[in-house]
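Before any comments, here is the structure.
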Amino acid sequence: MKIINGALMCLAVIAMLTACDGKGSKVQTSPSDSTTVADVKVVKGDNSALNIYKIWVNEDNTQIFDLRDSTHYIEATKFDEEYCKEYPDYKPDVFYITTEAAGFIVSHNFESEGDTIGGVEYLIEQGPYAGTHALRFTFSNMTPTSATFTFEGEYDWKYKVLDEPVEMLPDPHPYVYEE
């Protein structure tokens, strides 16, 4: 009887973990609703909620912030054809993962600001500040499908929710911190 109860508890926990994205909303995983992007799935049709937990692409389609899962932070960049000719390890129309970290924090005051304004801090994993979070950008003017991201307090870029699959590969020449 203990084995059966233990197995049922295990199944219940697995069902809860796979049916929820950690933020209280259901994750759709049927093949018709999702597309493989690199080694992760993009859930289509999830643009109605007002939150930062999505894949964002800038207005000139060269930078991606994958913020779907607060336990994993991804930044990816697409390089132009001239850059790819000069550095043949890079291909045009491919996003290369330039920053990947174990997590990020969304900071804002929900009571006074709601979900439309805040900041994103990613986990630093190398160097003397490893284990701490650093502000990457602030966001404002958020709608379900767009937002303004501000870098270094002064550089504004309009981002939109990514709604089509893109190829994301590891950077062939990743930055490695050296002491």
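Excluded from the calculations below are hydrogen atoms, water molecules and symmetry mates; all remaining heavy atoms, backbone and side chain alike, are included.
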Criterion side-chain contact (heavy atoms from CB on, under 4.5 Å) on Phe149 and Ile52, from CA distance to verdict: CA-CA 11 Å; Phe149 289 5; Ile52 195 74; 4.1 Å; yes

May I have the step-by-step check of side-chain contact (heavy atoms from CB on, under 4.5 Å) for Phe139 and Val120, ending in yes or no? CA-CA 8 Å; Phe139 60 90; Val120 171; 4.2 Å; yes

Taking all heavy atoms of [X] and all of [Y], pick out the closest pair and write down the distance.
| X | Y | answer |
| --- | --- | --- |
| Cys84 | Pro92 | SG-N, 3.5 Å |
| Phe104 | Leu67 | CZ-O, 3.4 Å |
| Asp171 | Ile97 | CB-O, 3.3 Å |
| Ala76 | Met168 | CB-CE, 3.8 Å |
| Tyr96 | Asp89 | OH-O, 3.9 Å |
| Ala134 | Ile124 | CB-CD1, 3.6 Å |

Could you label the plane-to-plane angle of the Phe151 and Phe137 rings as parallel, tilted or perpendicular, counting under 30° as parallel and over 60° as perpendicular? tilted

Counting N and O atoms only, with roles assigned by atom type, does the side chain of Thr143 sit under 3.5 Å from a partner on the main chain of Ser146, one being a donor and the other an acceptor? yes

Measure from the side-chain N and O atoms of Lys54 to the backbone N and O of Ala49, and report whether any donor-acceptor pair falls under 3.5 Å. yes

Show your reasoning for whether side-chain contact (heavy atoms from CB on, under 4.5 Å) applies to Tyr53 and Ser70. CA-CA 8 Å; Tyr53 300 101; Ser70 65; 3.9 Å; yes

Can you tell me how far apart [atom1] ([X]) and [atom2] ([Y]) are? Round to the nearest 0.5 Å.
| X | Y | atom1 | atom2 | value |
| --- | --- | --- | --- | --- |
| Thr62 | Lys78 | OG1 | NZ | 7.5 Å |
| Leu135 | His133 | CG | NE2 | 11.5 Å |
| Asn58 | Gln63 | CG | CD | 6.0 Å |
| Asn51 | Thr116 | CG | OG1 | 12.0 Å |

Residue pairs involving residues 120-145 (criterion salt bridge (charged side-chain N to carboxylate O under 4.0 Å, His left out); sequence neighbours excluded): Glu75-Arg136

Qualifying salt bridge (charged side-chain N to carboxylate O under 4.0 Å, His left out) pairs, either residue in residues 140-160, two or more places apart: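 Residue pairs passing salt bridge (charged side-chain N to carboxylate O under 4.0 Å, His left out), neighbours aside: none found.
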
Validation row: [X], [Y] side chains within 4.5 angstrom (heavy atoms):
| X | Y | value |
| --- | --- | --- |
| Pro172 | Tyr90 | yes |
| Met142 | Ile117 | no |
| Ile55 | Ile64 | yes |

Verify the neighbour count for atom CD of Glu81: are there more than 12 heavy atoms of other residues, nucleotides or ligands below 6.0 Å?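 No, not enclosed.
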
Using the rule given for side-chain contact (heavy atoms from CB on, under 4.5 Å), can you reason through Trp157 versus Asp60, listing the C-alpha separation, both sets of side-chain angles and the distance that settles it, and then say yes or no? CA-CA 10 Å; Trp157 280 81; Asp60 66 356; 3.7 Å; yes

Are Leu169 and Tyr83 connected, step by step, through hydrophobic side chains (Ile, Leu, Val, Met, Phe, Trp, Tyr) whose heavy atoms are closer than 4.5 Å?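 Yes, same cluster.
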
Check the hydrophobic clustering (I, L, V, M, F, W, Y; side-chain heavy atoms under 4.5 Å; chains of links allowed) and say if Tyr129 and Ile105 are grouped together.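 No, it is not one cluster - the side chains of Tyr129 and Ile105 are not joined through contacts under 4.5 Å.
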
Test of understanding: with ring pair (Phe, Tyr, Trp, His ring centres under 6.0 Å), list the residues that count as partners of Tyr73, not counting sequence neighbours.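 Partners of Tyr73 by the ring pair (Phe, Tyr, Trp, His ring centres under 6.0 Å) criterion, ordered by chain and then number, come out as Tyr122.
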
